[in-house]
Amino acid sequence: MTPDFAVVAVQIGSAFASDQLFHYRIPSGMICTPGCAVIVPFGKNNRKITGFVMALAEESPVPECKEILSCQGIMLNAEQMELIKWLRENTFCTYYDAIRTLIPAAAMKNTKPRKKQNFLSMETLPPLVLSPEQQAVFETIAPALETDQPASFLLKGVTGSGKTAVFEALAARTLALGKSVILLLPEIGLTPQNVQRFESRFGNRIALMHSRLSDGERRLSYERARTGQADFIIGTRSAIFAPLKQIGLIIMDEEGEHSYKSDASPRYDTIDVAKQRCRYHGAVFLPASATPTIERYYQAKKGLYHLLELNHRYGDMPLPSVEIADMRQERENGNLSEFSRSLHDALAENLRNKEQSILLLNRRGYHTIISCCICNQPVYCQNCSVPMTWHKTDQLLHCHYCGFSQPIPAACPICHGTKFRRMGFGTQKLEEELSSYFPEARILRMDADTVSKKNAYAENFEAFRRGDYDIMLGTQMIGKGLDFPNVTLVGVISVDKALFSGDFRSYERTFSLITQVVGRGGRHSKSGRAILQTFIPDHYVIRLGAEQDFEGFYAQEIPLRKVMLFPPFCDICVIGFTGTDEKKTAASAELFMNCLKLALQNHPEKLPLRILRPMPFIYGKINNKYRYRIIIKCKNTKQFREFIRDALKLASKAKETSGIHIYVDMNGSTSL
Ligand code: ADP
Ligand code: ZN
């Protein structure tokens, strides 16, 4: 006897606490199993909606049970069903949010994908010969590919050590064993050469998955992975959900990049999903970086990852030599420009030698602050508690959070003063200053304003590689992963601000950015140098970043994390509250404190907890939504998640929280 009822997940909002499954009767003769997509009547008007069968049941808790209208067949396999439950359990999302993440909307539509193409014929690349150091790493990992036991390795390889070649060799071995591969990259537009290289070697076994695909392309990639036509997936965060069978290897390049953490429901960290899938498939997990996160490195030292290192650049090129330019000294000497003497001279020399330079400045726009000369208040966005940035291109103030723009106001909204001071400099101003010093230089500016078009990244990088430009200046999008043979000078204009962003990860992010951008230089036959400009030359992050000394940085950072109680010594659970009414949003956060206290009473077992009282986020309003948070330092266990779930249920019943969106974010950013 097959059960008569199906337990169905439908889309009815995104609040975790109100997420529930609905029972439907399976009409006689209909074949319906867990994983099937079904059309069901819903609500008072019985509108037809799509649902997914999560389980079957012998009975229904309600006597009057509606019937399934039609069954579309199986859309979710057994692993996907497990992943959905895992996502819901671990990220506090709804069933439907989890399902939507696994099956892209485009693939849900019940139409045949158009077959047109994502294919280059396989070029004959020269056979890959690994350096002895690369070979040693390969040989340590390779045996683990042959077993069905999960294994985790952490590859720490200095910039230019040739991590990609190791990935290539491992991928080839995995495919030869009849297993499939996922290669994750933080941002696919940034590494077109890498992707091309893989495509030339592995041809149409590859499917790409990233956010810049059209719906049709996305659906095609999904189908090719599902049917086994593609068994090598290259992509960004969402590619971790590729519906592959028999995964043998998951590589995560530049692990720790924050694009790997989803900041909308489901708020998963790609690394957790990767580990989960490797456990399921008995696969090898390989996160890699020149600067692993403090958390990962700590775990590797504790033996949770087998630590592997590439300590030399491919071809034994030296790492770039780095000079710190003390900008306080420059100012004292009367140099008011954004370029230190030494960076100016080095740029001039590079232009003479026809070698290329890269300049990093992590702020776009022209002036980053416009403030009233009388009350000193910056001009804020009308929708956000964020100071606006002036752009020279359209002579308008822009909000980089909600996109709002306006002219500089006639009068200060606070004191009605009519004079404004223009301060701070972004990439536009830097470009202007640079071309005034070097009128003959061909300058490529790369920031969110210049590369909004779909292929602009790739085209610009290609043009720079060809030598169409002398200097590339840009925000952190140029900082990582790129490999240009003719770059011999890297200038870091300023990263001082990034150190104090208010997030406990700001030091490691800044350290990583410095190390990585410095590492863009001198990767081939010419040696490289870098100049790091700063007003805080004695800060250990700046000093160790300049020395590219990861071990030294780790040794400084880990005791700080321990004393301050931050990961890896605890988990950070952020409860976020957003709403259009500030008082109500704040009140919901206060109320939630009580819910936490009540929920704690149901959990007599010892939960190690430290709850920090409600506060606005650093940007307390974005897009007219007020934003509050509670930070809980905890240990992310099943019991802890149950406790949070109990508190969410209590809060959702209180009338004070109506209209307030409450979410839970595990180990995400504490500042955004
Ligand atoms: P990383 O990602 O570790 O910074 P890359 O993978 O970009 O370094 O490699 C740096 C450079 O060295 C690239 O130009 C790459 O093509 C070259 N390279 C690395 N390993 C090999 C190899 N085994 N054979 C040929 N070229 C290599
Ligand atoms: Zn705004």
Side-chain angles (χ1 to χ4, degrees), residues 125-139 154-172 183-186 190-198 200-201 251-255 257 286-292 308-320 365 378-389 391 396-406 461 465 479-487 490 512 515-528 548 550 617 619-627 672:
L125 286 181
L128 186 68
V129 183
L130 297 181
S131 70
E133 210 184 20
Q134 292 171 337
Q135 185 69 23
V137 168
F138 172 79
E139 277 168 18
L154 173 64
L155 175 58
K156 175 171 163 287
V158 295
T159 55
S161 57
K163 291 183 280 296
T164 321
V166 176
F167 300 161
E168 244 177 277
L170 288 169
L183 168 61
L184 298 166
L185 304 168
L190 297 188
T191 38
Q193 321 113 250
N194 268 352
V195 175
Q196 264 164 27
R197 199 182 157 81
F198 279 102
S200 338
R201 202 175 281 284
I251 301 167
M252 192 175 192
D253 197 12
E254 312 274 5
E255 76 95 4
E257 278 298 293
L286 177 65
S289 176
T291 52
L308 299 169
E309 300 192 42
L310 292 170
N311 290 319
H312 302 92
R313 287 190 146 188
Y314 180 75
D316 271 325
M317 290 302 294
L319 284 172
V379 180
Y380 282 94
C381 171
Q382 63 175 37
N383 308 320
C384 310
S385 54
V386 176
M388 297 182 86
T389 300
H391 285 226
L396 293 176
L397 290 167
H398 287 254
C399 171
H400 288 173
Y401 281 78
C402 74
F404 175 74
S405 61
Q406 65 169 58
F461 286 140
R465 164 186 303 282
K480 300 195 173 187
L482 298 163
D483 186 47
F484 302 110
N486 198 32
V487 171
V490 171
S512 165
T515 313
Q516 300 265 6
V517 71
V518 162
R520 293 313 106 207
R523 293 162 69 88
H524 290 250
S525 51
K526 300 168 187 162
S527 60
Q548 300 156 85
F550 178 82
F617 277 93
Y619 292 134
K621 184 176 82 164
I622 287 189
N623 242 327
N624 288 316
K625 291 250 172 69
Y626 292 90
R627 310 165 72 239
L672 288 178

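Note that the structure is a prediction, hence the values are computed from the model and not measured. Only heavy atoms go into these numbers, but all of them, side chains included; no hydrogens, no water, no symmetry mates. Remember, it's 1-based here, ligands and their atoms both numbered in the order they're listed.
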For the pair K480 and E254, find out whether any cationic side-chain nitrogen is under 4.0 Å from an anionic carboxylate oxygen. no
If every non-hydrogen atom of L155 is compared with every non-hydrogen atom of K163, which pair is closest and at what distance? CD2-CG, 4.1 Å
Using a 4.0 Å cut-off on heavy atoms, what residues surround ligand 1? Order them by chain and number. V129, L130, Q134, V158, T159, G160, S161, G162, K163, T164, A165, Y314, D483, R523, H524
Return the set of residues passing salt bridge (charged side-chain N to carboxylate O under 4.0 Å, His left out) with R313 (not counting sequence neighbours), or none when no residue passes. none
Can you name the side-chain hydrogen bond (donor to acceptor under 3.5 Å, both in side chains) partners of E309, sequence neighbours left out? K156
Using the side chain to side chain contact (heavy atoms under 4.5 Å, CB included) rule, take Y380 and M388 through it: C-alpha gap first, then chi angles, then the decisive distance, then the call. CA-CA 6 Å; Y380 282 94; M388 297 182 86; 5.8 Å; no
Within a 6.0 Å radius of atom NZ on K625, are there more than 12 heavy atoms belonging to other residues, nucleotides or ligands? no
So which protein N/O/S atoms does the Zn ion (ligand 2) have within less than 2.8 Å? C381 SG, C384 SG, C399 SG, C402 SG
Any idea how H400 and H391 line up, ring-wise: parallel (<30°), tilted (30 to 60°), or perpendicular (>60°)? perpendicular
Side chains of N383 and Y401: does their closest heavy-atom pair fall under 4.5 Å? no
Smallest separation among heavy atoms of F550 and P292, with atom names: CE1-O, 3.2 Å
